[in-house]
Amino acid sequence: MFCIIYCVIALLGVTQVQPICGEECQCGMPSDDVVAMRIVGGTKTAPHAYPWTVAIFRMDFLHCGGALVTDRHVLSAGHCFIGDIIQIMRVLAGMDNMNNLEGVVKRTLSDVIVHENFTSTETRDDNDIAIATLTSPVPFGQTIIPICLPKPFENFGAYTGTIVGWGRQAVNRPPSKDLLEAKLKILSDSDCMNSKLREHLTDNMICANAKGIDGCQGDSGGPLIIFDPSGRYVQAGITSWGIGCANPRYPGVYTKVSNYIDWIKEHIASGKTCK
Ligand code: ARG
């Protein structure tokens, strides 16, 4: 009964919900109906082109990015939560420009699990992954859709990746108001190890770069995604660390999500996912 009412409402276009009755929702697939067709060196995203992307605010300031993996779990970086108070954080979903909060869903956090083996040095973080639980679920619809997780130990070397975020557009510039996206190349594990970052790297990290393009402060925790041959976006990495931003000598470093699939699944069991 609920489904019939829900569908009728959705079909009438009264609310911004997708008529998903009878079929399950799909992860990693932005809605065709709304996607018409900073990141350093990025461009403004089309409306709701990356509907799993969330901004994590700390007080009134952009703190980190994240990606919805269920209707109540955000995958983000461990270092976004270490030594911090989650009570002063807010997650904003369904947002593009920070000054337009129409249809944006805001949630507090009830819990954050940072990986047990998270470690940090002055240069880099290892096992830089966390699951933040929202106090109440977000409604999936045209502007809020979860990202797909990769297969365990899936490797994305040589893929073209996309990063999105509201982070700084240069080391000394403020965060972006618009959600920005940029495309870069994911390096093979051996190319990553042969880069100038070698001494700081572990097998839990992915390197990615492109000329003039990088994540920067405020992008941490946000997703590095790839477009899978199945036609959906899959999350390959989590923006983790770098030396400066868009310095041609150093690639950006991302947490290798596929190394943590069991860990992630264990901690998101209470959430609703999509096919
Ligand atoms: N760690 C930074 C943050 O907390 C940004 C990481 C990305 N930096 C980079 N150069 N790729 O937002």
Side-chain angles (χ1 to χ4, degrees), residues 38-42 53-67 74-86 88-92 98 112 114-115 118-130 132 156 160-187 191-192 195-198 200-202 204-226 235-257:
R38 229 11 103 138
I39 305 282
V40 180
T53 311
V54 301
I56 303 175
F57 278 76
R58 188 183 175 281
M59 315 281 273
D60 288 329
F61 296 97
L62 176 72
H63 179 57
C64 272
V74 170
L75 186 60
S76 185
H79 79 260
C80 293
F81 304 98
I82 289 290
D84 227 312
I85 319 159
I86 66 166
I88 59 172
M89 293 190 188
R90 298 286 178 271
V91 167
L92 273 68
M98 284 190 192
V112 172
V114 175
H115 198 280
F118 172 86
T119 58
S120 189
T121 69
E122 221 168 277
T123 316
R124 61 94 175 132
D125 299 312
D126 192 16
N127 296 299
D128 193 12
I129 185 168
F156 297 104
T160 296
T162 301
I163 49 173
V164 295
W166 292 270
R168 292 173 191 254
Q169 286 170 272
V171 176
N172 53 2
R173 287 177 62 189
S176 166
K177 290 290 172 199
D178 285 309
L179 181 61
L180 300 183
E181 67 176 304
K183 291 211 183 320
L184 29 63
K185 194 181 140 215
I186 299 180
L187 305 190
D191 284 353
C192 188
S195 74
K196 294 207 165 57
L197 297 176
R198 157 175 229 127
H200 305 289
L201 297 171
T202 70
N204 301 314
M205 301 171 191
I206 294 177
C207 299
N209 63 6
K211 195 164 181 269
I213 287 171
D214 199 6
C216 203
Q217 265 64 48
D219 292 319
S220 277
L224 163 68
I225 57 175
I226 58 99
Q235 185 167 1
I238 301 167
T239 303
S240 179
W241 60 274
I243 298 180
C245 298
N247 180 331
R249 286 155 56 93
Y250 306 110
V253 185
Y254 300 81
T255 310
K256 197 184 276 175
V257 173

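In listed order, ligands and their atoms are each counted from 1. Just so it is clear, the structure is predicted and the values come from calculations on it, not from any experiment.
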- Just by distance, do the side chain of N204 and the backbone of K256 share a donor-acceptor pair under 3.5 Å? no
- Between D126 and T119, is any side-chain donor less than 3.5 angstrom from a side-chain acceptor? no
- Task: Examine the side chains of T160 and K183 and answer whether a donor and an acceptor come within less than 3.5 Å of each other.
- Result: no
- Name all residues meeting the ring pair (Phe, Tyr, Trp, His ring centres under 6.0 Å) criterion together with H115; count only those two or more places apart in sequence or in a different chain, and write none if there are none. Y260, W263
- Hey, are S220 and H79 close enough side-chain-wise for a donor-acceptor pair under 3.5 Å? yes
Enumerate the pairs of nitrogen or oxygen atoms, one from ligand 1 and one from the protein, separated by less than 3.5 angstrom; state names and distance to 0.1 Å.
from: ligand 1; atom 1: 1 (N); to: S220; atom 2: OG; distance (Å): 2.8
from: ligand 1; atom 1: 1 (N); to: S240; atom 2: O; distance (Å): 3.2
from: ligand 1; atom 1: 4 (O); to: H79; atom 2: NE2; distance (Å): 3.1
from: ligand 1; atom 1: 4 (O); to: S220; atom 2: OG; distance (Å): 2.5
from: ligand 1; atom 1: 10 (N); to: D214; atom 2: OD2; distance (Å): 2.9
from: ligand 1; atom 1: 10 (N); to: G215; atom 2: O; distance (Å): 3.3
from: ligand 1; atom 1: 10 (N); to: G244; atom 2: O; distance (Å): 2.8
from: ligand 1; atom 1: 11 (N); to: D214; atom 2: OD1; distance (Å): 2.8
from: ligand 1; atom 1: 11 (N); to: D214; atom 2: OD2; distance (Å): 3.4
from: ligand 1; atom 1: 11 (N); to: G215; atom 2: O; distance (Å): 3.4
from: ligand 1; atom 1: 12 (O); to: G218; atom 2: N; distance (Å): 2.8
from: ligand 1; atom 1: 12 (O); to: S220; atom 2: N; distance (Å): 3.2
from: ligand 1; atom 1: 12 (O); to: S220; atom 2: OG; distance (Å): 2.7

- Spell out, as yes or no, whether a donor-acceptor pair under 3.5 Å connects the side chain of T255 to the backbone of D128. yes
